[in-house]
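One structure is given here, and the rest of the page talks about it.
All ligand and atom numbering here is 1-based and tracks the order in the structure.
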Amino acid sequence: MIEEPLDASISIRGLSKVFRNGTRALDDVSLDIASGETVVLLGANGSGKSTLQKCITRLIEPTEGTITVFGREITEMDSRRLAEVRRDIGVVFQSINLVDQLTVLTNVIHGALGRDGSPRNWFAATAKQQLREEAMTALERVGLTAVADRRAEQLSGGQRQRVAIARTLMQRPSIVLADEPVAALDPVAGRGVMDLLWRIAEEEGLTLVCTLHQLALARDHGRRVVALRDGRVDVDADIAELDDARLEGLYIAEEAGV
Ligand SMILES: Nc1ncnc2c1ncn2[C@@H]1O[C@H](COP(=O)(O)OP(=O)(O)OP(=O)(O)O)[C@@H](O)[C@H]1O
């Protein structure tokens with residue numbers, strides 16, 4: 001049996017996922033991600049990146065293998081214990097799902113649901129004030145205190161993704177899974193959001209697993225790159241060791257001769 005490293009925040013062993021229609025999205029993936037490590041997940045469309053991220057929170061049930069999050073094996077866990085593990089894991093999606101009609105501040109406050117599970121304790125005046133202050137601090141971290149009282153629908157895509165990051169901070173996670181967080185943004189806004197995400201991960205000591213399709217951003221921000229191909233780990237390396245041709249090769253089908 002392979003021992004998992006002591007400082008692993010996520011430890012994956014022999015993970016496979018076969019969907020009902022027979023698609024093998026993950027095929028015997030093993031991976032250790034240390035506490036506080038940032039990993040960029042690369043790979044062509046359909047290589048299994050989203051499935052891997054969703055297995056880590058069991059939004060998708062793995063077919064085989066184990067996933068351990070801070071020493072807790074989650075694949076056999078009951079829903080109550082799984083909810084506790086999920087509190088440790090913040091998620092930032094490509095589609096920025098804020099509640100448009102609510103203010104930016106309220107959207108951020110809702111991030112605390114991810115840690116408390118129920119808003120029943122929120123009604124006491126002191127709790128309300130404390131949450132507001134905490135949310136303003138989170139907005140300060142992402143440079144958006146000036147728009148705290150605006151409705152979310154009035155923001156640009158880049159601002160919305162920053163609000164989503166502030167909301168995730170309210171959850172106080174140890175791990176953040178980001179699935180193409182800048183896919184919907186223009187290059188400048190995208191770079192800004194990535195800079196921010198990386199800075200916050202570093203400052204907070206978060207474990208960050210981020211799926212990206214922009215190789216330039218991966219170069220800027222990545223250290224460790226894990227690339228999937230047909231559901232298997234194709235490359236697991238420091239990005240400095242991979243030249244541009246090797247990175248681009250990750251997207252070229254093997255039968256094409258790369
Ligand atoms: N619910 C599902 N049922 C059947 N097949 C699925 C399901 N979800 C994903 N797949 C398939 O599993 C494979 C991996 O998909 P996944 O979304 O994980 O890839 P990805 O690397 O995240 O792709 P992209 O870069 O396009 O987001 C693909 O072949 C996809 O069609």
Side-chain angles (χ1 to χ4, degrees), residues 10-33 37-67 69 74-75 82 86 89-97 157 160-161 164-165 168 175-187 189-191 193-194 197-198 207-222 224-237 239 242 244 246-256 258:
I10 304 170
S11 201
I12 297 170
R13 290 286 174 274
L15 188 71
S16 295
K17 174 65 190 180
V18 182
F19 285 105
R20 270 197 204 155
N21 65 1
T23 304
R24 181 171 284 272
L26 294 174
D27 187 7
D28 196 19
V29 170
S30 293
L31 212 54
D32 286 309
I33 300 173
E37 189 173 26
T38 50
V39 175
V40 172
L41 209 51
L42 298 178
N45 292 135
S47 57
K49 305 177 299 295
S50 296
T51 305
L52 178 61
Q53 286 200 330
K54 286 178 180 153
C55 282
I56 294 171
T57 50
R58 265 182 61 196
L59 275 179
I60 289 180
E61 292 288 351
T63 310
E64 266 180 78
T66 59
I67 301 170
V69 177
I74 65 161
T75 38
L82 182 62
R86 283 180 175 162
I89 305 177
V91 183
V92 179
F93 292 109
Q94 168 183 350
S95 58
I96 308 154
N97 50 345
R160 289 168 70 85
Q161 197 57 295
I165 293 169
T168 301
I175 296 170
V176 171
L177 305 178
D179 195 0
E180 295 187 46
V182 299
L185 306 181
D186 71 47
R191 188 167 291 275
V193 165
M194 285 299 292
L197 199 52
W198 243 254
T207 305
L208 174 62
V209 182
C210 181
T211 304
L212 274 181
H213 275 308
Q214 299 85 342
L215 295 178
L217 289 181
R219 270 245 183 266
D220 283 359
H221 296 286
R224 182 175 175 195
V225 162
V226 172
L228 298 182
R229 181 189 288 276
D230 300 331
R232 299 183 73 95
V233 176
D234 184 23
V235 170
D236 183 350
I239 198 163
L242 306 172
D244 287 348
R246 182 75 181 98
L247 279 180
E248 279 159 25
L250 300 173
Y251 296 88
I252 299 172
E254 271 175 338
E255 50 273 19
V258 175

Side chain, backbone, both or neither: which applies to T51 and ligand 1 if a contact is any heavy-atom pair less than 4.0 Å apart? both
With a heavy-atom distance limit of 4.0 Å, tell me whether N45 approaches ligand 1 through its side chain, its backbone, both, or neither.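 The answer is both, backbone and side chain.
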Per-atom contacts of ligand 1 with [X], taking only distances under 4.0 Å to non-hydrogen atoms:
| X | answer |
| --- | --- |
| N21 | 4 (C), 5 (N) |
| E180 | 25 (O), 27 (O) |
| S50 | 17 (O), 18 (O), 20 (P), 22 (O), 27 (O) |
| A25 | 12 (O), 13 (C), 14 (C) |
| K49 | 18 (O), 19 (O), 20 (P), 21 (O), 22 (O), 23 (O), 24 (P), 25 (O) |
| H213 | 25 (O) |
| A44 | 21 (O) |

Quick one: does any side-chain atom of [X] pair with a main-chain N or O of [Y] as donor and acceptor, under 3.5 Å?
| X | Y | answer |
| --- | --- | --- |
| S16 | D28 | yes |
| R58 | I74 | yes |
| K49 | A44 | yes |

Protein contact of atom 5 (N) of ligand 1 - nearest heavy atom, named by residue and atom, plus distance: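 The closest heavy atom on the protein side is F19 CD1, 3.4 Å.
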Which protein non-hydrogen atom lies closest to atom 11 (C) of ligand 1, naming both residue and atom, and how far is it? T23 CG2, 3.8 Å
Ionic contact status for R229 with D27, cut-off 4.0 Å: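 No salt bridge links D27 with R229.
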With the threshold set at 4.0 Å, does a side-chain nitrogen-carboxylate oxygen contact exist between R219 and D244? yes
Close side-chain approach of [X] and [Y], heavy atoms under 4.5 Å:
| X | Y | result |
| --- | --- | --- |
| L31 | L52 | yes |
| L42 | L212 | yes |
| V182 | Q161 | no |
| I12 | I56 | yes |

Are there over 12 heavy-atom neighbours, none belonging to D230, within less than 6.0 Å of that residue's CG?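 Check fails, neighbour count at 12 or below.
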Under 4.0 angstrom from ligand 1, any heavy atom of G48?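 Heavy atoms of G48 do come under 4.0 Å of ligand 1.
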With a 4.0 Å cut-off on heavy atoms, is R20 touching ligand 1?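 It does not, in that no heavy atom of R20 comes within the 4.0 Å cut-off of ligand 1.
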Indicate whether atom 30 (C) of ligand 1 is within a distance of less than 4.0 angstrom of some protein heavy atom. no
Nearest to atom 23 (O) of ligand 1 by heavy atom, G231, G22, G46, A183: which?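 Heavy atom nearest to atom 23 (O) of ligand 1 belongs to G46.
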